[in-house]
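Report on one structure; see the data block that follows.
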Protein chains: 2
Amino acid sequence: MSQHVSCNDCSLSPVCLPLAVAPTQLDELDRIIHRGRPLKRGEHLFRAADEFQAVYAVRSGALKTYVLSDEGDEQVTGFYLPGEVLGMDGISTAHHMSNAKALETATVCEIPFSKLEMLSQRIPSLQHHFFSLMSNEIRSDRELHMLLSKKNADDRVASLLISMSARHQRRGLSERAFRLPMSRYDIANYLGLAVETVSRIFTRFQQNGWLRVEGREVEILNRRSLCGEQSLEVSL
Amino acid sequence: MSQHVSCNDCSLSPVCLPLAVAPTQLDELDRIIHRGRPLKRGEHLFRAADEFQAVYAVRSGALKTYVLSDEGDEQVTGFYLPGEVLGMDGISTAHHMSNAKALETATVCEIPFSKLEMLSQRIPSLQHHFFSLMSNEIRSDRELHMLLSKKNADDRVASLLISMSARHQRRGLSERAFRLPMSRYDIANYLGLAVETVSRIFTRFQQNGWLRVEGREVEILNRRSLCGEQSLEVSL
DNA sequence: CGGTTCATTGAAACCAATCAACGGATGTGG
DNA sequence: CCACATCCGTTGATTGGTTTCAATGAACCG
């Protein structure tokens with residue numbers, strides 16, 4: 001067990017679960033949360049078919065979730081950054097339906113779900129927040145649906161960049177320059193593209209002067225053009 | 001206001017919300033539910049940006065949900081059949097994020113969400129069921145993600161047919177022969193394909209002897225082949 | 001009964017996948 | 001510590017599945 005940070009001391013509390021709980025009730029939440037040891041890059045937090053017992057809030061690092069098809073190929077279903085909650089797809093089946101793997105060294109807070117349900121019975125705002133979180137997950141899946149169903153490869157990549165940027169900003173970090181925690185393979189897989197396509201688009205965005213890319217480090221130079229790329233065809 | 005069917009008398013109760021509530025508590029749920037007038041084909045149940053006040057259970061007919069992109073084009077995000085619940089994507093924002101439109105004459109039960117939340121505080125199984133419902137929604141979105149990102153047009157259409165079949169079976173209806181409530185346009189839109197592609201695939205499935213199609217009436221003649229089409233390439 | 005939506009089919013064009021090859025980074029074990 | 005394997009990322013050439021464009025008939029509706 002690592003250091004016993006409480007939610008009170010955690011810098012993520014304004015963007016994480018505590019935002020749904022009154023300060024006076026925060027230690028009730030705090031008491032059910034279990035801070036696990038750090039996961040190394042490539043380690044699994046949970047696997048499909050593991051018994052569902054908890055949801056997880058990312059404290060540091062990044063994870064991806066993925067499912068395996070019957071044929072055994074991987075579908076990356078999401079990326080999770082600090083302050084974000086994952087594992088909520090297992091609730092209905094008592095088993096996780098996806099796998100969660102650390103993209104880099106990561107720490108997570110484990111929130112036993114049955115205890116969370118009990119606590120939610122007493123803290124309406126917590127219940128509401130969890131409904132909200134799941135509702136948000138559904139909504140972003142709908143946006144992804146649109147992306148995969150209607151948008152071309154350029155739009156998809158641009159959209160991912162914008163999303164990562166927004167999520168950095170949410171934590172008070174730079175929305176201009178940041179490091180992508182995932183590989184090109186993961187990006188391609190998530191967006192339903194071939195790796196080569198993603199690579200080519202990064203290169204092209206850079207040639208257009210919209211982006212600076214160096215491996216996984218990216219710097220957004222022309223946000224408007226990128227946004228335009230993933231909505232209107234008009235840019236500049 | 002139409003006839004005052006109570007959940008007790010509703011034939012859908014084994015597949016709808018009541019399945020989460022003990023018989024003794026059923027009228028507590030029943031009392032907060034509002035049975036609306038029938039919607040005509042093409043009528044909206046709610047629109048994006050409408051204030052979010054309730055979720056809805058389909059009692060008869062069918063609806064689709066869709067979002068409009070910035071450019072104004074439509075993305076169908078789901079189809080809803082009797083016993084299924086829609087509208088849960090508005091929880092986090094106090095506004096609906098999608099539009100819901102009747103595909104044919106439909107009736108729905110309106111469940112005011114704030115009352116549902118209060119009731120969930122007292123009926124743990126109801127709270128759990130709602131978490132489950134949303135969790136299921138997330139899971140099926142993940143499957144759709146895989147479908148759109150990895151599968152070809154044939155697999156997508158086959159998958160939709162299998163899904164519709166399963167949902168009919170769940171209500172105790174024939175899983176072999178049924179009527180699709182939605183147009184080819186809606187199918188194509190939902191699956192990220194062109195209408196022409198969907199049409200061609202229906203024709204091809206029929207030529208293969210896997211399916212009988214006559215307008216919106218379909219009969220599944222060779223389920224294994226269709227399933228094979230949307231997972232293993234092996235068919236027979 | 002004209003107008004609109006819906007469905008089907010054919011031909012051509014195009015976007016992204018696939019195949020192929022390469023350099024660099026990473027990591028491991030002798 | 002270096003040799004070797006593996007993973008990661010990039011670029012080029014070719015292929016192919018789907019879209020797009022075009023045209024037609026059927027069904028539906030006011």
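Values reported hereafter were calculated over all heavy atoms of this structure, with side chains retained and with hydrogens, waters and symmetry mates removed.
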When the distance from [atom1] of [X] to [atom2] of [N] is rounded to whole Å, what number comes out?
{"X": "A:Ile201", "N": "D:dT11", "atom1": "CD1", "atom2": "P", "answer": "13 Å"}
{"X": "B:Phe205", "N": "C:dT8", "atom1": "CZ", "atom2": "P", "answer": "13 Å"}
{"X": "A:Tyr185", "N": "D:dT6", "atom1": "OH", "atom2": "P", "answer": "14 Å"}
{"X": "B:Ile187", "N": "C:dT8", "atom1": "CD1", "atom2": "P", "answer": "9 Å"}
{"X": "A:Leu193", "N": "D:dG17", "atom1": "CG", "atom2": "C1'", "answer": "15 Å"}
{"X": "A:Arg184", "N": "C:dG24", "atom1": "CZ", "atom2": "P", "answer": "17 Å"}
{"X": "A:Arg204", "N": "D:dT10", "atom1": "CZ", "atom2": "P", "answer": "13 Å"}
{"X": "B:Met182", "N": "C:dC6", "atom1": "CE", "atom2": "P", "answer": "14 Å"}

Is [X] salt-bridged to [Y], cutoff N-O under 4.0 Å?
{"X": "A:Glu71", "Y": "B:Lys151", "value": "yes"}
{"X": "A:Glu84", "Y": "A:Arg167", "value": "yes"}
{"X": "B:Glu74", "Y": "B:Lys101", "value": "no"}

TODO: Could you say whether B:Glu196 or B:Arg41 is positioned toward the 5' end of DNA chain C, judged by the nucleotide with the nearest heavy atom to each?
DONE: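 Looking at DNA chain C, the more 5' nearest nucleotide goes with B:Arg41.
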Task: Short side-chain N/O contact from A:Arg200 to OP1 or OP2 of C:dA16, under 4.0 Å - done: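 It does not, given that no N or O in the side chain of A:Arg200 lies less than 4.0 Å from OP1 or OP2 of C:dA16.
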Open item on the list: Strictly below 4.0 Å: does A:Thr197 bring a side-chain N or O up to OP1 or OP2 of C:dA16?
Closed with: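 Result: no.
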Answer with base, sugar-phosphate or nothing: what part of the nucleic acid does [X] contact at a heavy-atom distance below 4.0 Å?
{"X": "B:Gly192", "result": "sugar-phosphate"}
{"X": "B:Ala153", "result": "sugar-phosphate"}
{"X": "B:Ser183", "result": "sugar-phosphate"}
{"X": "B:Arg216", "result": "sugar-phosphate"}

Task: Partners meeting side-chain contact (heavy atoms from CB on, under 4.5 Å) with A:Met97 (sequence neighbours left out) - done: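 For A:Met97 the side-chain contact (heavy atoms from CB on, under 4.5 Å) partners, ignoring immediate neighbours, are A:Asp89, A:Thr93, B:Arg139.
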Open item on the list: What's the closest nucleotide to the side chain of A:Ser199 if the choices are C:dT8, C:dT18, D:dG9?
Closed with: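 Ranking C:dT8, C:dT18, D:dG9 by closest atom to the A:Ser199 side chain puts D:dG9 first.
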TODO: Measure the acute angle between the ring planes of A:His96 and A:Phe52, then classify it against the limits of 30° and 60° as parallel, tilted or perpendicular.
DONE: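 Perpendicular.
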